[in-house]
2 protein chains.
Amino acid sequence: MYSIQEVAQICDLSPHTIRYYDKEGLLPFVARTKSGNRTFSDTDLELVKLICCLKNTGMPIKEIKKYMDMVVEGSGTAEERKQMMIAHRREVARQMDEMRKNLNIIDLKIKFYETGRH
Amino acid sequence: MYSIQEVAQICDLSPHTIRYYDKEGLLPFVARTKSGNRTFSDTDLELVKLICCLKNTGMPIKEIKKYMDMVVEGSGTAEERKQMMIAHRREVARQMDEMRKNLNIIDLKIKFYETGRH
DNA sequence: GTTCGACTTCGAGCGAGGTCGAACTAAATC
DNA sequence: GATTTAGTTCGACCTCGCTCGAAGTCGAAC
């Protein structure tokens with residue numbers, strides 16, 4: 001079991017941010033100790049990592065919440081979750097493509113400066 | 001010469017956003033007509049496109065402003081601008097790398113769902 | 001000469017995603 | 001039993017990047 005501090009360090013988040021995620025409903029799976037402290041299992045940790053992955057690829061908090069709610073709901077939602085991931089995958093691929101194009105523009109700009117045509 | 005509306009359409013921005021960019025100092029090069037309307041040359045248009053490229057790759061408004069101020073300042077700032085572009089290029093490459101890793105995680109997740117281990 | 005449409009400035013408001021601090025609690029150490 | 005450390009809640013605040021609306025101006029068409 002991991003404390004909020006440990007999860008924060010592993011996932012490069014602040015404990016504040018993790019509590020914020022919890023408040024927003026992203027962590028419906030997190031258990032508490034007797035004294036009310038959040039406690040994360042290995043499975044929970046993996047889910048937090050997934051949250052980071054989705055967040056860092058631009059999925060809004062609200063949509064991540066939907067996904068996590070479905071995870072808690074159980075295997076009946078597996079197909080819907082899969083479809084969500086597939087849709088998000090497409091979106092990420094699109095973003096990377098745009099990135100590539102912009103990287104190209106930046107490279108051209110650098111070449112301009114290198115050939116002195118600035 | 002292009003009107004604000006035309007630039008907006010070409011660059012997929014709203015006229016509001018372009019005025020906001022101007023207010024923030026991103027467009028120190030923009031000329032005005034007698035009656036005070038903004039008017040963009042082809043060179044200006046290219047700079048607006050560059051602004052979009054930098055913005056879409058995560059460069060903050062304030063840093064874009066610095067760059068544009070240097071553009072207006074003239075060729076004396078060329079080396080500094082080049083260094084800025086090189087630094088940004090690195091940052092974009094880093095982002096793309098992170099993207100790739102995250103795409104991989106998403107792909108694994110999809111595979112999990114496909115093999116029924118959800 | 002008035003009406004229209006596209007522009008102008010200005011300042012307020014908004015949504016997303018945190019970020020922070022105050023006040024409190026619980027368990028562990030001295 | 002007092003202190004320290006790590007956690008808790010709650011609500012206020014912050015930054016970024018817009019977004020919008022009100023009120024006004026200008027030039028062209030009718």
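Just so it is clear: chains get the letters A, B, ... in the order the sequence lines come, proteins before strands, and each one is counted from 1.
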Pairwise 5' ranking along DNA chain D for B:Pro60 and A:Asp22, keeping only the more 5' one: A:Asp22
Toward the 5' end of DNA chain D, by each residue's nearest nucleotide, B:His16 or A:Thr39: A:Thr39
Nearest heavy-atom neighbours spanning A:Asp69 and A:Gly25: OD1-O, 4.1 Å
Residue matched to D:dC30 through Watson-Crick or wobble contacts both under 3.5 angstrom: C:dG1
Minimum-distance nucleotide (side-chain atoms of B:Ile61 versus C:dT9, D:dG17, D:dT9): D:dG17
Most 5' of A:Tyr20 and A:Ser35 on DNA chain C, judged by nearest nucleotide: A:Tyr20
Touch class at under 4.0 angstrom, heavy-atom based, for A:Ser14 against every strand present: nothing
Proximity to the side chain of A:Asn37 - top-ranked nucleotide from D:dC18, D:dT8, C:dC7: D:dT8
Interatomic distance where CZ belongs to A:Arg19 and C1' belongs to D:dG11 [whole Å]: 15 Å
d(CD, B:Gln5; P, C:dG5) in whole Å: 14 Å
Distance-only donor-acceptor check, side chains B:Asp44 and B:Tyr2, under 3.5 Å: no
Spacing between B:Lys34 atom NZ and D:dC26 atom P, to the nearest angstrom: 13 Å
Any A:Arg32 side-chain N or O less than 4.0 Å from OP1/OP2 of D:dT9: yes
Residues, nucleotides or ligands: over 12 heavy atoms within 6.0 Å of A:Glu80 CD: no
Side-chain donor-acceptor contact under 3.5 Å, A:Tyr67 with A:Arg81: no
Interatomic distance, A:Leu27 CG vs D:dT9 C1' [rounded to whole Å]: 16 Å
